[in-house]
Each structure stands twice: as C-alpha cells, then as structure tokens.
**Q** 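What follows is a single structure, and I will ask about it in a moment.
Hydrogens, waters and symmetry mates play no part in the numbers below; they use all other heavy atoms, side chains included. Ligands are counted one by one from 1 in listed order, and the atoms in each one are counted from 1 as well.
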Amino acid sequence: MVLSASPCSLARSSLEEMLDSLRRRDEEEEKKDSPPALPARPASRARLPPARRSLPNNFRVGGSQRVIAPENGVGTNGESDLKENDLGQKRRRNCFERKRMNKDVESPYVALSSSDSSGMVWELDDDDNISYFIKKKLRVWCRQPRGQWELGTIQSTSGEEASISLSNGNVIKVVRSEILPANPGVLEGVDDLIKLGYLNEPSVLHNLKLRYSQGMIYNKAGPILIALNPFKDLQTNGNDYVSAYRQRIIDSLHVYAVADVAYNKMIRDEVNQSIIISGESGSGKTETAKIALQHLAALGGGGSCAIENEFLQINRILEAFGNAKTSRNNNSSRFGKLIEVHFSSMGKICGAKIKTLLLEKSRVVQLANGERSYHIFYQLCAGSSSDLKERLNLRAVSEYKYLVQSDCTSIDDADDAKNFPQLKKALDTVQICKEDQEMIFKMLAAILWLGNISFQVDSENHIEVVDDEAVTSTAQLMGCSSQELMTALCSHKIQSDEDTIAKNLTLRQAIERRDAIAKFIYASLFDWLVEQVNKSLEVGKQYTGKSISILDIYGFQTFQKNSFEQFYINYANERIQQHFNRHLFKLEQEVSNYVMC
Ligand SMILES: Nc1ncnc2c1ncn2[C@@H]1O[C@H](COP(=O)(O)OP(=O)(O)OP(=O)(O)O)[C@@H](O)[C@H]1O
C-alpha cells in the first residue's frame, strides 16, 4: 500500500484539482499525441534520495542508452570506491545479459570512445560484470523455476548459463537473464528503498520482507510511505503512541509522519493537502486511513477526544452499510471515500466532509461463494429486538434469498448481534432520529423481502408475480399495495403522445427489474446516510478553506464475470497508480537532472 502527501489548490478539494489537472492534460495529450504531463507537485523541498549523493560528480551519461558511468576510467578508485560506483551505476541494469568482453580491465566498467566534447565515456560491460561478481564473491539474486528469488554467488559461467552457489549450499544452473545483482549486506533493511544501490524486484521485496520480519511495517520510497499489513495489533497506534510520537520519543517511520507532513505544510505553506492511499484489497488501506485520521484528530482536536469519537462513530456507520466480507478481506470497503478534514487558521479541526464514490451496488443482489452482502443486513437480522422484528416481519438470515445465495452468512471474530446496538448508538451520535432509523430498517427489510419475490410463467407465456408473503411484506414495508408492486414488477409503461401503453416484461426482464429496485433503494439509502453524516459534521462549524483530504478507494478487482462496476473501479485505480508513477518517476527524473547539472 502506498501513501503520498501532495499539495493542491486552496479553494477546492485537492483531489478534484488533481483529477482536473489530469483531465486537462489528457485532453492536450489527445491533441498532441504525447504523454500527459505531471500534475502540479511541490516545487521545493523535494527530498533527494541519498543514493544519488553517493554518485561521483564526474559521472556522465553516454550514448543513447543513457547509461551513467564514471568519467575517470578504470582503476582510479580503490575497491570500495569501485563497489560504491558499481552500486550507483548498476541500479538501472536489469540483468547480466551477454554483451562484450574486455579482458584487460579489473572493474566492471569498460571505456568507450566518444565523439562528444567531454572525451571518454564509460559504459558497463556485462561479461565483465559477471567476472567482477565472481572475483569479488558478490551476492546475486537468481530466479527459481517457480518464480521465487534465491540469494547466491556466481561460481562460473558457460555460454548463457551460470552456476550459482546458493546460501543453503546447493549449486544450481541458471540462465543469465534470470540473475540480478544483490545489494551488499550494509544496505540490508534500509528504511528508504531509494537508498538501495540495486533497485530491482528481489532487492525491494527482500528489503521489505526483512523489515517486516522485524516488526517494521513502514518503509519509504522517496516521498511515498509503503505500509505493509501486519495482520495483528502491533501496539503502534493509540493515544499513548501518538503523544510519544509527538514528543519525539519515538521517531520510527509511521503513517503519523505522513499526517504530520501534510498538517505542517497546510499550516506553513497554506496549501491544501491530500493523502492518497492505494493498494490491493486487504492490504490495509482503510486501517491506514483510520490511523492517519486519528493522528489528524489528535493534531487538530485541541486535546479533546470528541472529534476522534465522532470519526469513530461515523466510521462504524460507513462500515456497516459500505463494507462486506469478500474472499480477500472480512471487512472490505465496497466503496471509495474521500474524507476532507477542515482546519481553522489556528490549525484546529473545524469540520469534515465525506464524499463517497462507486458503491458496489451489485453486491446487494448477487454474491460470490464465500462472500457476504453488506454487514448491516446480518446485523439487522441478528441484533434487532423482538419488537422491531415484528414490525418489520423480519426473519433469520437463512430465510432471505439475497443472503443465502453464497455459502457464507457469518464471519469468524465478528458478532453481528452485538454490532447492531452499537450501530444504533452511532446513528444517534450523528443525530439520525428514531423515526428515521426505523425507516432505514424498513428499507433494509424491504430489500430482503424483495429478493424473495418470485415469478411464474403461464401457459400463454405471460409472466406473473407469485402472490405470497414476500409480496405482501415488501409492499407493506414500501408503503404501497401488493397490486401496485406486482404491476411495477411485471410490466413496463410506455408513454406515447396520446396514450400510455403497458407492455409485459419477460421473466428475465422482471428479475432484472426486481434486482434493479433493490439496488436503487440501497444506493439511495447509502447516499442519504452519507448526507446525514455530513450534516452532522457541519453543525456549528465554519469552512475556512484549509483542508487535508484522505483518499481511500477499494483496490483492483477481477472476477470470473466482470461488469461495468469493475471497469469503473479498475479505471479509478489505474488513474491513481498513474499519479503515483508520475509523481515518483518525475521526482527521479528531477534528481537525475540535478545530478547531471
Ligand atoms: N495497521 C494495521 N494493524 C493491524 N491490522 C491491520 C492493519 N492494517 C490492516 N490490518 C488488518 O487487515 C484487515 C484488512 O485491512 P483493510 O480493511 O484496511 O484493507 P483494505 O486495503 O482497505 O481492503 P479493501 O480494499 O478490501 O477495503 C483489517 O481488517 C485488519 O484486520
């Protein structure tokens, strides 16, 4: 999962600014048929990766391959310098491919003559690289047949193959293209990936894994924070930890640092900030967003826990109505959210706004095996009082077709019955009155009963609704007559200039109509709830124009059958990934330019 803080304009949401800027540039791109430019980034204070600083000043870029090499030639440095240069140079090489031999040299660099005014330019030569690695017994990564990477040292080469002695003592043969240079031990477990001399896939994964095994879930990649899901409580959050962090008793990498940077920049530079959280489903985006929000509440809450508590209760509502168990995550957010926290000129929280996007409506009517619908349905069935059950004619989960179409109705470690009264308390906190709460539960029960409505086809191929308890309960909960409901489910009205013609639906169309009504009710209910939450966040607060936004949308998804929803979700993720790539690589490019100047 990746986090980054970036400033945007004052008046508008920073995400809106970012998306607008991307849109504008894409339009230009279409015209020019050239890659879109980057969105605005901080002009100053770009943190220069330390690895760059270790490059000698006399490094030049040679040839069209843009290979960076030392100007002074072979053997001018000692062994350590060579290794250092080696690290600086080869970070962009992908593998030891066969190229050209120069037997006279001691180092992996080979001199090439150049017509450019700077004289000699140096280029890495891969056979010499390998000789150098063999001679110095430097470690390499080699890819195993099943795709995993193993650490070893090259013993010898023969044609396109190399013999690698693995750390467990085995010797294996690997093709050269499957060998990558490994970083020296001194770079093991660096906190910033940019410090790695070789920035290849196994080196990055090894570094993350090593730190993870030592309980360090946070890593940096330049200005980006990489948070790994610990799947357990590491006791690195909470009020005690926040105050220790603020007093600088603890200064290890943390989401708090990202929130701190965003907060300080907003106050100092008076520029709105965004924290963008991206990653695959179950990687910990929502948890990370909560931790960032908790820290912002501590920074801007003026010592009071009220705002923190309010965020907690709002979160409970959003999770009940917007989260569900998926095959990857027992509490997966099935919607995206942008939380805008507003601050006064003194840096105190003076309001917040939640914008939600892309709620997965299809989940209400269609479930994959091992997955559940939205938590609220199970909470309502398990936790409502007998009075409420009677008013809603509510049954057990097992009696509703929408809920039993998957083989999963409960979650380990989650108590639906216990969560329901807590949800009602949260609804009270955001000032949703008892009458409105009753209406919410009525709508949920109506959706469940709607799913139980079935159809039959008569001898003349006419479709009819089976007039049973499902129809009467749905109609009663919706506040209409059974006949009105059955007509709406079976026929389609076409309005002509003079007349209204009723056309009978086919069985498939009727089922789609029924499901569409259920999805529409749920999506409208969700939007209404978010509106109520925002109203409660607005009470007595004044918008000052200063804000920090946290974006948390659910990750990429591919199912056996993908719909327009997946297209939307994956497209949104693509754009965020694109922003991340542009942000990171543009920064790299700037540093390159800086080094070359
Ligand atoms: N920092 C953390 N500390 C402890 N547990 C965590 C942390 N981050 C994630 N988890 C665990 O992993 C689970 C999944 O995390 P989370 O719901 O945040 O993932 P996500 O990336 O938001 O997934 P989705 O995209 O499906 O919503 C959490 O329910 C929690 O059990």
**Q** One thing to verify: whether Arg316 and Glu319 come together as a salt bridge, which I'm taking to mean a side-chain N less than 4.0 angstrom from a carboxylate O.
**A**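 No, this pair does not count.
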**Q** For the residue pair Trp149 and Gln144, confirm or rule out a side-chain donor-acceptor distance under 3.5 Å.
**A**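 No, because no side-chain N or O of Trp149 sits under 3.5 Å from a partner of the opposite role on Gln144.
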**Q** Side chain or backbone, does Thr288 bring an N or O within less than 3.5 Å of an N or O on ligand 1?
**A** no
**Q** Tell me whether ligand 1 is touched by Lys232 - counting only heavy atoms on the residue side and a distance under 4.0 Å.
**A**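 The answer is yes: ligand 1 sits under 4.0 Å from a heavy atom of Lys232.
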**Q** Select one of side chain, backbone, both or neither to describe which atoms of Glu280 lie under 4.0 Å from any atom of ligand 1, heavy atoms only.
**A** backbone
**Q** For atom 2 (C) of ligand 1, state which one of Gly282, Pro230, Ala289 supplies the nearest heavy atom.
**A**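 Looking at heavy atoms only, Pro230 sits closest to atom 2 (C) of ligand 1.
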**Q** Just distances here: any N/O of Glu287 and N/O of ligand 1 closer than 3.5 Å?
**A** yes
**Q** Could you tell me whether Lys535 and Glu538 make a salt bridge, using a distance below 4.0 angstrom between a side-chain N and a carboxylate O?
**A** no
**Q** Could you list which atoms of ligand 1 come closer than 4.0 Å to a heavy atom of Ser332?
**A**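 The list of qualifying atoms is 24 (P), 26 (O), 27 (O).
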**Q** Does Ser283 come within less than 4.0 Å of ligand 1, judged by its heavy atoms?
**A** yes
**Q** Got a donor-acceptor contact below 3.5 angstrom from the Gln437 side chain to the Ile432 backbone?
**A**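 Yes.
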**Q** Check the side chains of Ser563 and Gln566 for a donor-acceptor pair under 3.5 angstrom, ignoring hydrogens and angles.
**A**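 Looking only at side-chain atoms, Ser563 and Gln566 do form a donor-acceptor pair, the distance falling under 3.5 Å.
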**Q** Distance under 4.0 Å to a non-hydrogen atom of Asn331: what atoms of ligand 1 satisfy this?
**A** 17 (O)
**Q** For the side chain to side chain contact (heavy atoms under 4.5 Å, CB included) test, which of Val190, Leu228, Ile226, Asn219 pairs with Arg211?
**A** Asn219
**Q** Can you find an N/O atom of Arg334 closer than 3.5 Å to an N/O atom of ligand 1?
**A** no
**Q** For Asp233, is at least one N or O under 3.5 Å away from an N or O on ligand 1?
**A** no
**Q** Is the closest N or O pair between Tyr218 and ligand 1 shorter than 3.5 Å?
**A** no
**Q** Test of understanding: given a 4.0 Å heavy-atom threshold, classify the contact between Asn329 and ligand 1 as side chain, backbone, both, or neither.
**A**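 The answer is the side chain of Asn329.
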**Q** Classify the side-chain pair Asp260/His295 by whether it contains a donor and acceptor separated by less than 3.5 Å.
**A**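 Checked: Asp260/His295 side chains pair up, N/O donor to acceptor below 3.5 Å.
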**Q** Any N/O of Ile291 closer than 3.5 Å to an N/O of ligand 1?
**A** no
**Q** Does the side chain of Glu565 pick up a donor-acceptor pair with the side chain of Ser362 at under 3.5 Å?
**A** yes
**Q** Return yes if some donor-acceptor pair links the side-chain N/O of Asp269 with the main-chain N/O of Asn264 below 3.5 Å, else return no.
**A**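 No; zero donor-acceptor contacts below 3.5 Å.
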